Amino acid sequence: MVRLYNLHPFGSQQVVRCQQEPERVCCGGQDALFVAAGCKVEAFCVEPREPEPARPRCSFSTLGQVLHLSYSEAGDYLVTIEEKNKATFLRAYVNWRSKTTENSRVCIRMVGHGVEGCFREASKDQMSIIEIPLSEPPLCISSCPITGDLLVGCNNKLVLFSLKWQVVHEGFSILDFERSLVIHIDSILPIEISFCAGYIAVISDLEVLILRLEFTPKDEASVDPSPLTKDSPARLAIMEAGAVSADGKSSPQEKELLSLFCFFSLPHIGYLYMAVKSVELMSVYQYPEKSQQAVLTPQFLHVITSNNLQCFTVRCSAAAARDADPYVDTTLKACPPVSLDICALRMQLFIGLKAICHFRNHIILLTKAGTEDIPERRKLSKSLLSRKDGSIRHKSPSAMEAGWNLYIVNTISTVQLYKEMVDYSKTYKNMRTQSCIHLLSEAHLLVRAALMDPCLTEPGEKEELLEAFRESCGHLGDCYSRLDTQYSHLALPYYKMSGLSMTDVLTRIDSVVEDGSQNAERGLLFYINHSLYENVDEELSEELAAKVSQIFSAAEPKQLPHVLCSPCMKNVDPLLAMNYLKKLNTSGLSSVLVTLTKAAMALKMGDLQMYKNEIKCQTERELVRGFILEPRLLIQQKRGQVVPTAFAAHLKETHPELLVTSILGLQKNSKVGVEEADAFFKVLCGKDDDVIPQLLVDFWEAQLVSSVSEVVLQELFFKLLSQYIWRLSQKQPPDTKPLRNPEDLINSCSHYGLIYPWVNFLTSSDSLHDQNYAEDLSKLQSLICGPSFDVASILPFLEPLSEDTSAGLSIHILCLSRLKEHEHAINLLLDRCPEAVIPYAHHELKEEGPRALWWKKLLPDLCQRIRQGGEKYEVHLSSLKETLAVAATELELRDFLNVLPEDGTAAFFLPYLLYSSRKKSVT
């Protein structure tokens, strides 16, 4: 379907003053216009702001009549197919800008031949003609706009010439071509070809082919053909979109191709295809009358008939935008669809249109108006024929020479046409149709295509286009927010792209939903709902917050509790919000969420009694579920920082267990991250990053009690151990009372193990009057005794805990026992706390290997210390007796005799010897 609008894309027009009637016309680059007539080519410099828009630059003679004419901006050369004496020739004209006069010197050379000796310093400033011989006559030509390579169509084959620069000497290079590829296309006679970035489009009598060249590392090319069948001759064009170099400059040799399109036309219909990833039909153009020729531009399709210049919109920028930006068609960005109905912007009357070409913002038209093309002459001819007076003579039609003109039609600026389209769209503003969206989408694509132009280098012009782009996004956002369509969700990305704040948007649509005279549509609700989650740094005024509350209370009451919890609604009147909440029908709603939202509003009003009445209606488990449904009741984001709510601050003082359990529930349900939760408790307790509040330690302990992954588990061990060790080393008490004591953790968490019994002998001698200190020590000891703890990982962190204290000694010896370093542990115990040696040995030396330490390590060491005497003599003696009893029980009599000291008293050891011998006789 083609929509018809009466807009004005065409501006001024001027006549190009040519010396002869043009036969071929081509243009390109920034300012180049070529007109071929007979055996001569005239070059014009197109400068629309000058008094003479097409100023003659130079002219030069050709070998014969020009059959085809093509210009390449890459390399700045003109290539022609010329005919003389029924023979055709292919020639390239390079350095043509240096030809100042018709009689200036010209260098003619053969392609690929050595040129070093032919060129002198003066050759830099003369035009060169490159003869390109072919085995078969050339039929059509096309130059790649990116590389400048030349493709020539011959009977049953295509010949590719690569553009290259030959170095004559230092500081002087000349342009040349090199034949690089021959593609054989059997039984195909190319009528017209187009070439761009390795893609070739070929048109023959009955079909259109698109070929893709794929070059292997060995510089061999394979061809992947894609046929597009047609029924009659067509015009063909390949166009690149969004070709921009990496540094933003428009260097033709460094362009990056984003999208590629192929257009061909039948007399009454045209087809536009995407041709990069796959060949896909994008648009079909129905012409109201038979077409003569068509040209495709990034923004428009221009079609000429015998008496009309028609301008259609295209979808190239829509396709290129999706290729360039993966965020298009998400909640972040949007673009009108490729399938959007095309439209005809204008049908401009021109008499006798014969040819058209286009570059930049200029359309070149060739008109040749004969007798049959001019209405006045047709009328005069009829009147003369109808007279019966035979004495009146008139010239025959052949005697009346046909008039011709070459026009430059300037298209108006993109911004000017955009503004006209926006004004036109206001006709449909109050009509609930798709026409307004369609026209504004056309305007948006028009601006988007202009922004993709690699020639856009003027900062002022670019800023003007960007401003129009943002404005168009705002207009489309307005449309989708007000119309109840299946695409209403597009209001969100378009408003985002417009740069409008939520306050701006609500002000724009305020008149539409004022006093509830018109219900807010899905698009607006979708936008507000998402914005309240995402635009957390924007606070709505009390008036707009009240308006938002009113909108959702009427249109989506289920969302009202969530809406009121947004940071954007900070300024909402709590009494007004409470009234809306009381009106909610809780059937189908989570009653606990409504309860918690009411409680939050009660706190905001300072009504603690109302708060208590709401909270006591729900169990703690239900309250946790409510916080999981709406985390923003407790935790919010502001400028990228975690901000606890007033509700969270109140729970910290009154129900810290509920607060910790709720944040744990949020984390387990992926509503908050690990770092976010840690930051929440630090900010809530007013602590710096280096200070860990007790409430955060309670949270870590609660995480251990619940099941966590192995990665999180090791991180939690490190956090808790670091905190326990720091407090013990600094004798720093917690800032609040811990929620769990060691017994609670041991009974509820498998990661906290029973403390080994021998540890009590080490700590009983210490005066641990501080209960918090004792609890931190017990928690640390319990973690080390647990089954999940990797002791080796914490050894570097034990340095602050000195072995001079019984607490530090217990931790060091616990680690040694877990690492099976029993000899080192026994030495420490004998030196520092010999009372614990025997309990340690009974607990740790049970296995087969370590058990031998009773008589190999403990027995000789005790004997040695007894010989030395000292204040611990009695303890050592008691320990020796227990050691001898164990050795006598475990060893054979002979082995037991071997481990006894040589200098001992026989009476002391005799009972153990007797026990060992009796044991053997009993056995």
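Just so we're clear, the structure is a prediction, and the values are computed from it rather than from any experiment.
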Review point. Distance from Ile132 atom CD1 to Leu90 atom CG, nearest 0.5 Å?
Key: 4.5 Å
**Study point:** Parallel, tilted or perpendicular, as decided by the 30° and 60° cut-offs, for the rings of Tyr77 and Phe177
**Key:** perpendicular
Check your understanding: What do you reckon, are the aromatic ring centroids of Tyr71 and Phe359 less than 6.0 Å apart?
Key -> no
Got a list of side-chain donor-acceptor pairs under 3.5 Å for residues 319-328, not counting sequence neighbours?
{"from": "Arg322", "atom 1": "NE", "to": "Asp329", "atom 2": "OD2", "distance (Å)": "2.8"}
{"from": "Arg322", "atom 1": "NH1", "to": "Ala318", "atom 2": "O", "distance (Å)": "3.1"}
{"from": "Arg322", "atom 1": "NH1", "to": "Pro336", "atom 2": "O", "distance (Å)": "3.1"}
{"from": "Arg322", "atom 1": "NH2", "to": "Asp329", "atom 2": "OD1", "distance (Å)": "3.1"}
{"from": "Arg322", "atom 1": "NH2", "to": "Cys335", "atom 2": "O", "distance (Å)": "2.7"}
{"from": "Arg322", "atom 1": "NH2", "to": "Pro336", "atom 2": "O", "distance (Å)": "3.4"}
{"from": "Asp323", "atom 1": "OD2", "to": "Ser259", "atom 2": "OG", "distance (Å)": "2.7"}
{"from": "Asp325", "atom 1": "OD1", "to": "Tyr327", "atom 2": "N", "distance (Å)": "3.0"}
{"from": "Asp325", "atom 1": "OD2", "to": "Lys333", "atom 2": "NZ", "distance (Å)": "2.6"}

Revision key, fill the gap. Sorted by chain and number, sequence neighbours left out, ring-ring contact (aromatic ring centres under 6.0 Å, His included) with Phe89 holds for none
Practice item. Report the residues that fulfil salt bridge (Lys or Arg N to Asp or Glu O under 4.0 Å) with Asp31, sequence neighbours left out, ordered by chain and then residue number. Key: Arg57, Arg97
Exercise for review: Can you sort out the partners of Arg346 under salt bridge (Lys or Arg N to Asp or Glu O under 4.0 Å), two or more places apart, ordered by chain and number?
Suggested key: none
Study note, to complete from the structure: Residues passing the salt bridge (Lys or Arg N to Asp or Glu O under 4.0 Å) test with Lys157, sequence neighbours excluded, are none
Exercise for review: State which residues pass ring-ring contact (aromatic ring centres under 6.0 Å, His included) with Phe44; sequence neighbours excluded, sorted by chain then number.
Suggested key: none
Point to revise | Lys/Arg-Asp/Glu bridge criterion (N-O < 4.0 Å) met for Glu82, Lys84 | key: no
Practice item. Rounded to the nearest 0.5 Å, what's the gap from SG on Cys144 to CG on Asp149? Could you check? Key: 6.0 Å
Practice item. Please list, chain by chain and in numerical order, all residues satisfying side-chain hydrogen bond (donor to acceptor under 3.5 Å, both in side chains) with Ser12, sequence neighbours excluded. Key: Gln14, Asn410
Check your understanding: Any idea how Trp96 and Phe34 line up, ring-wise: parallel (<30°), tilted (30 to 60°), or perpendicular (>60°)?
Key -> perpendicular
Review point. side-chain hydrogen bond (donor to acceptor under 3.5 Å, both in side chains) with Thr414: which residues, sequence neighbours excluded?
Key: Gln299
Review point. Which pair of non-hydrogen atoms, one from Ser194 and one from Ser142, has the smallest distance, and what is that distance?
Key: CA-OG, 3.4 Å
Check your understanding: Quick one: does Thr88's side chain have a donor or acceptor within less than 3.5 Å of a partner on Glu83's backbone?
Key -> no
Point to revise | Set of residues satisfying side-chain hydrogen bond (donor to acceptor under 3.5 Å, both in side chains) with respect to Lys99, sequence neighbours excluded | key: none
Study note, to complete from the structure: Across all chains, not counting sequence neighbours, the side-chain hydrogen bond (donor to acceptor under 3.5 Å, both in side chains) partners of Arg91 are Tyr93, Glu131
Revision key, fill the gap. Those residues at least two apart in sequence (or on a different chain) that pass ring-ring contact (aromatic ring centres under 6.0 Å, His included) with Tyr285 are Phe312
**Study point:** Under the side-chain contact (heavy atoms from CB on, under 4.5 Å) test, residues paired with Thr305 that sit two or more places apart
**Key:** Glu289, Asn308, Gln310
